[in-house]
Amino acid sequence: MRRPIAELWGTGSYTPKRVLTNDEFSKMLDTSDQWIRERTGIRERRVAGADESNACMAKAAAEQVLADTELTALDVQAVVVATCSPDRLLPSQACDLQAILGAKNAAAFDVGAACTGFLYALNVAEGLVAAEQAEHVLVVASEKLTSIMDWTDRTTAVLFGDGAGATIVRRGTTGRGILSSYMKSDGTLAELLYRPGGGAAHPPDEALLKDHSYYIKMAGREVFKAAVLSMADACDKALARAGLAAGDIDLLIPHQANIRIIEATAKHAGLPMDKVYVNVDRFGNTSAASVAIALDEAVRCGRVQPGMKLMFCAFGAGFTWASTVVQW
Ligand code: ACO
C-alpha cells in the first residue's frame, strides 16, 4: 500500500431549505410516490430558491470546511469547483466562488465531469499538492440541477436535486489520505446523457426553449446498466491499485443516483449494504455534489471514524466514471 500524497482535511456541505416530496411531483406530472420510490429509492429532494445560487451553496459548503479546518479563505492556493450547472457559462463557477469567499491567493477553475466531478476534482487537487503548486486546495462540488432539468419530463425531473459539498485537500501528514484512484471516460456515449442545446454549437434561441433541448436528456435504461458496470469496474481497479480487497473497506460512499444502482454496485464490489452510505432517499441525484454531501453527512453523524478505509465511486455524463480509496 503506497503512502498517501494528499489527504482530505475536513468536510462541509449545504442543501437548500425547500424540500420537494414525491407527492408534490405527482400533482405536477403523471407519476406517483410509489413509482419513484420503487424505481429510484428517492422520497424527496431539495430545490434551491432564487436566493440559493450555485455560488451561494458552494460558499456555504466552503465556509463550513474552512471553519472545520480553522483555515481562512486566504490560506487556499487553489479553488476547484466540480459542477455541470454553473450560474453562468463565463467566467467559471470557481472564479465566482473565489470572489465571494475572498480567496485572493488562489487560482480558480472548474472541472466538468458531471456526476463524477467531485472525484475528478479530488484527483486534480492531489496533483496540485503533489506538484507543490498548492498547500491547500479547496475542492467544492456544487449543483443547481433543478435549473437545467425539464420540469415537464417525468423520466428525468423526479431524479434530481440541488446542493453542495466541500473538502480541503492538503499534503498527507500522518498516513491519512488518498490511497488510490481510477478515472475513466467514454465520450462516444455522450448522447445517452446530455444537454443538446445552449452551448456554442446551438446557442440559446426560442426554438431551444420550445423543443426543451436546453434541458438534460437521458436514456435511463442504458445509463443504468453502464453506471452499475462502470462503477463496479472502477472500484475493482482502485482497490487493486491500493493493494486492497473489498473486505478491507469500512464504508462505500457511492454516487447517489438510484438505490437500485447503489445496491447492484455494492453487490458487484462484494460489499454488504450495511457498509454503504445512502442518502439518495432524502436528496435525490445531486450530480457532482452527491458524494461530497454524503461524505460530509457521514462524517458529521459519526458513521466515518478516524482509521477507516473509505471508497468513493461515481458515474455520470460523458460518460465519466471513477473510484477513490481513502484512508480516513
Ligand atoms: N413516473 C411514472 N412512470 C415513469 C416515470 C415516472 N417518473 N419515469 C418513467 N416512467 C415510465 C416510462 O415512461 C416507462 O413507461 P412505458 O413502459 O409505458 O414506456 C416505464 O416507466 C419504465 O421506464 P424505464 O425507463 O424502463 O424505467 P427504469 O426502471 O429504467 O427507471 C430510471 C428509470 C429511474 C431513470 C433508471 O433508468 C435510472 O435510474 N437510470 C440511471 C440514472 C442515473 O444514474 N444517472 C446518473 C448520472 S446523472 C448525471 O450525470 C447528471
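One-based numbering, in listed order, for ligands and for the atoms of each. Side chains included, hydrogens not; waters and symmetry mates left out as well; all remaining heavy atoms used.
Close approach of ligand 1 to L193 is summarised as follows: ligand atoms under 4.0 Å from at least one heavy atom of the residue are 47 (C), 48 (S), 49 (C), 50 (O). Less than 4.0 angstrom separates some heavy atom of G220 from each of these atoms of ligand 1: 37 (O), 40 (N), 41 (C). The atoms of ligand 1 that sit less than 4.0 Å from any heavy atom of C115 are 47 (C), 48 (S), 49 (C), 50 (O), 51 (C). Residue-ligand proximity, V158 to ligand 1, at heavy-atom distances under 4.0 Å covers atoms 7 (N).
Of all the listed residues (R154, R195, E222), R154 holds the heavy atom that lies closest to atom 11 (C) of ligand 1. Proximity annotation for atom 32 (C) of ligand 1: of L29, I259, N258, I148, N258 comes nearest, heavy atoms only. When N285, T320, I261 are ranked by how near their heavy atoms come to atom 44 (O) of ligand 1, first place goes to I261.
The pair D250-K309 fails the salt-bridge criterion, with no side-chain N (NZ, NE, NH1 or NH2) lying under 4.0 Å from an Asp/Glu carboxylate O. Classification of E52 and R46 as a salt-bridged pair fails, no side-chain N sitting under 4.0 Å from a carboxylate O. In this structure, D96 pairs ionically with R88, as a charged nitrogen and a carboxylate oxygen lie closer than 4.0 Å. Checked for salt-bridge contact, D233 and K237 meet the test: a charged N lies under 4.0 Å from a carboxylate O. Checked for salt-bridge contact, E63 and K59 meet the test: a charged N lies under 4.0 Å from a carboxylate O. E126 has no carboxylate O lying under 4.0 Å from a charged side-chain N of R170, or vice versa, which leaves the two without a salt bridge.
On a distance-only criterion, A317 and ligand 1 share at least one N/O pair closer than 3.5 Å. Between S287 and ligand 1, no pair of N/O atoms sits closer than 3.5 Å.
Distance screen at 4.0 Å: atom 18 (O) of ligand 1 has no protein heavy-atom neighbour inside the cut-off. Per-atom contact check: atom 14 (C) of ligand 1 does not touch the protein, criterion being a heavy-atom distance below 4.0 Å. At a distance under 4.0 Å, a protein heavy atom can be found next to atom 3 (N) of ligand 1.
Summary of contacts: the protein heavy atom closest to atom 24 (P) of ligand 1 is R221 NH2, 3.7 Å. The protein heavy atom nearest to atom 35 (C) of ligand 1 is L159 CD1, 3.9 Å. If you check which protein heavy atom lies closest to atom 33 (C) of ligand 1, you get W35 CH2, 4.0 Å. For atom 1 (N) of ligand 1, the nearest non-hydrogen atom of the protein is T31 OG1, 2.6 Å. For atom 43 (C) of ligand 1, the closest heavy atom belonging to the protein is V223 CG1, 3.6 Å. Residue, atom and distance of the protein heavy atom nearest to atom 29 (O) of ligand 1 are R39 NH1, 2.6 Å. The protein atom (non-hydrogen) at minimum distance from atom 31 (O) of ligand 1 is R260 NH2, 3.6 Å.
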CA sep, side-chain torsions, deciding dist, call: T21, E44, side chain to side chain donor-acceptor pair (under 3.5 Å): CA-CA 4 Å; T21 64; E44 60 192 36; over 6 Å; no
Test side chain to side chain contact (heavy atoms under 4.5 Å, CB included) applied to I178 and I5, step by step: CA-CA 7 Å; I178 297 173; I5 295 167; over 6 Å; no
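The closest side-chain donor-acceptor pair between H212 and D150 falls under 3.5 angstrom.
Heavy atoms of T156 found under 4.0 angstrom from ligand 1: none, in either backbone or side chain. Residue contacts with ligand 1, taken as heavy atom pairs separated by less than 4.0 Å, involve T40 solely via side-chain atoms from C-beta onward.
Annotation: F109, atom CZ; neighbour count of heavy atoms from other residues, nucleotides and ligands within 6.0 Å is above 12.
Atoms CG and CZ, on N22 and R43 in that order, are 9.0 Å from each other to the nearest 0.5 Å. From H136, atom NE2 reaches atom CG of L128 across 13.5 Å, with rounding to the nearest 0.5 Å. A distance of 10.5 Å separates NZ of K104 from OG1 of T72, quoted to the nearest 0.5 Å.
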